[in-house]
Every structure is written in C-alpha cells, then in structure tokens.
Amino acid sequence: ALFGIKGADFVLLATDTRSIRSIVVMKGEEEKFRQLNSSSLLAYSGEAGDTVNFAEFIQRNVQLYGVRNDKELGVCEAANWTRRTLADSLRSRHPYQVNVLIGGVERDYLSANPATSVTPKLYWIDYLSAMAELPYAVHGYASYFCTSLLDRYWREGMSQDEVLGLLKMCLEELKVRFIVN
C-alpha cells in the first residue's frame, strides 16, 4: 500500500514495509522510498525485482539531470519523466510492474517571498503509465477501503496534525475491514 496526502505546504507519503510475492511475505522491513532531490520523494510498490531496479533508475537519472544542468528537476518534471519512462518500458519486452507516488513541494519564485512560498504536488502513476495530479492518492488494496475516507475528510490546507490523523483513520479502517492485517 502507498499513501499520499497533500497538506497546506507539504505532502505526506507513507508505505507499508512488506515485500510480498503472491500470498507470501518475503521481507518485512522493505524500504519503499527514494529521495529524488531536495524537494521530491518517490514511493513505489509492485513486483520485487522491478521496484528496486526502477526506483534506483529514476532516482539516479533525476540526480544526474541536476548535476549536468546545475538545476534540480521540479516535482512536476520528475513525475512526467517517470511516466514517460514507464510508458517506454510498456513497449519493450520486459515492462516494469511498478506503481508510483511522487510527492514534493515546488517553490514559487514569482511570489514576493519565494523562500516561504511553496506549492505541494502529488502525482499518482500506475504500472500502465497513467498519471494524475491529485490531492490524495492510494495504491494497492488499501485504495478499496481508504479512498472513501479521504474523499470525505480531506480538505484544502490541512495541517500536519490533521493529515496524520487522517492517515491514522485510514490505517484503523484497514485493521477493521481488510482480511490481511
């Protein structure tokens, strides 16, 4: 499960820590995040070999862009490049089976105070390379149970405590309603 929720000036990303294959838990302490640059983070899930390979490929190439051009990719640019990479892999013999959330903040350099003026961005990308910018997103079976809670309780400009409370509501709902705990 991957969770992403936008707040007033931040994006909260959360994942489970299990690496599974079918009905078997292969590893219980799997890290499913990659820091793309100073303003964006990638959360991923999917087939075990594909996820790590794909996430490292995206992370390294976004960082390489920053080194070559002396400018970091924004969250929107990183999400679009990731979607394009997934779309290209679909046309190959071995497409990646990876679902991704990319979240971060973009500075508004045109505002009066660009140091404090940030816009949170959250992008949902699935293994078929469909992409959408959303205020909240869930990948995996958790989406069946948590999307309705997010629809009902999410609102623009939520504080960190409110977003954490909303994530806790989702996790409690999973404990009650989902057969796999």
Side-chain angles (χ1 to χ4, degrees), residues 1-7 10-37 39-59 62 73 75-76 78-87 89-90 95-105 120-154 158 160 162-181:
L2 303 177
F3 297 91
I5 306 171
K6 272 194 332 187
F10 66 95
V11 174
L12 172 74
L13 292 176
T15 70
D16 66 319
T17 59
R18 293 187 180 148
S19 176
I20 60 171
R21 175 114 177 132
S22 183
I23 61 170
V24 178
V25 174
M26 305 299 275
K27 187 177 176 185
E29 300 287 324
E30 183 72 22
E31 179 69 30
K32 296 182 182 181
F33 291 108
R34 292 280 187 238
Q35 180 78 36
L36 297 180
N37 53 38
S39 64
S40 57
L41 186 69
L42 174 125
Y44 56 89
S45 68
E47 292 295 321
D50 283 352
T51 55
V52 174
N53 186 22
F54 181 76
E56 286 180 357
F57 177 76
I58 297 298
Q59 179 186 34
V62 168
L73 280 178
V75 182
C76 181
N80 279 286
W81 189 80
T82 302
R83 191 215 61 81
R84 175 61 192 255
T85 303
L86 270 174
S89 84
L90 277 176
Y96 291 110
Q97 299 292 312
V98 180
N99 294 312
V100 173
L101 292 179
I102 296 179
V105 294
K121 300 278 187 176
L122 175 63
Y123 292 90
W124 176 96
I125 307 170
D126 72 357
Y127 71 100
L128 295 172
S129 71
M131 182 177 85
E133 182 181 0
L134 300 169
Y136 50 84
V138 184
H139 269 299
Y141 288 118
S143 65
Y144 297 123
F145 304 105
C146 296
T147 304
S148 60
L149 280 173
L150 294 167
D151 284 339
R152 180 172 182 165
Y153 294 109
W154 183 87
M158 293 178 75
Q160 287 183 8
E162 292 170 327
V163 169
L164 283 172
L166 185 53
L167 178 63
K168 287 177 184 175
M169 284 175 59
C170 291
L171 297 178
E172 288 301 317
E173 188 71 14
L174 288 174
K175 286 179 184 176
V176 171
R177 297 189 59 207
F178 194 37
I179 192 168
V180 180
N181 192 357

Query raised in the report: Once you round to the nearest 0.5 Å, how far does CG of Leu41 lie from CG of Leu36?
Result: 7.0 Å

Report summary line: Residue pairs meeting side chain to side chain donor-acceptor pair (under 3.5 Å), one or both in residues 143-154, sequence neighbours left out, come to Tyr136-Asp151

Query - Reported NZ-to-CG distance for the pair Lys6 and Leu122, which is rounded to 0.5 angstrom - result: 7.0 Å

Query raised in the report: For the residue pair Thr85 and Phe54, what are the closest heavy atoms and their distance?
Result: CG2-CE1, 3.9 Å

Query raised in the report: Which pairs with one or both residues in residues 121-136 pass salt bridge (charged side-chain N to carboxylate O under 4.0 Å, His left out), sequence neighbours excluded?
Result: Lys121-Glu133

**Report entry** Reference residue His139; test side chain to side chain contact (heavy atoms under 4.5 Å, CB included); the match among Val100, Thr15, Leu101
**Finding:** Leu101

**Report entry** Exercise: identify the closest heavy-atom pair between Pro120 and Gly7
**Finding:** CG-O, 3.4 Å

Query raised in the report: Rounded to the nearest 0.5 Å, how far does CD of Gln160 lie from CZ of Phe10?
Result: 5.0 Å

Query raised in the report: What do the steps show when you test Phe145 against Val176 for side chain to side chain contact (heavy atoms under 4.5 Å, CB included), and what is the final call?
Result: CA-CA 10 Å; Phe145 304 105; Val176 171; over 6 Å; no

Query raised in the report: Looking at side-chain heavy atoms only, is the closest gap between Tyr96 and Asn53 below 4.5 Å?
Result: yes

Report task. Can you see which heavy atom on Ile125 is nearest to which on Ile102, and at what distance? Result -> CD1-CD1, 4.2 Å

Report summary line: Heavy atoms of Gly103 and Val75 approach each other most closely as C-CG1, 4.2 Å

Report summary line: When every non-hydrogen atom of Ala14 is compared with those of Leu167, the smallest separation belongs to CB-CD2, 3.9 Å

Requested in this report: Look up atom CZ in Phe3 and atom CG in Leu13, then write down how far apart they are to the nearest 0.5 Å.
Outcome: 11.5 Å

Report task. Would you check if the side chain of Asp50 reaches a backbone N or O of Val98 as a donor-acceptor pair within less than 3.5 Å? Result -> no

**Report entry** Set of ring pair (Phe, Tyr, Trp, His ring centres under 6.0 Å) partners for Tyr44, sequence neighbours left out
**Finding:** none

Query - Flag, side chain of Asn37 to backbone of Val62, donor-acceptor distance under 3.5 Å - result: no

Query raised in the report: Measuring from Met158:CE to Leu12:CG, what's the distance to the nearest 0.5 Å?
Result: 10.5 Å

Requested in this report: Measure the spacing between CG of Asn99 and NZ of Lys32 and express it to the nearest 0.5 Å.
Outcome: 10.5 Å

Query - Close side-chain approach of Arg34 and Val52, heavy atoms under 4.5 Å - result: yes

Requested in this report: Run the numbers on Cys146 and Leu174 for side chain to side chain contact (heavy atoms under 4.5 Å, CB included), then give the verdict.
Outcome: CA-CA 8 Å; Cys146 296; Leu174 288 174; 3.9 Å; yes

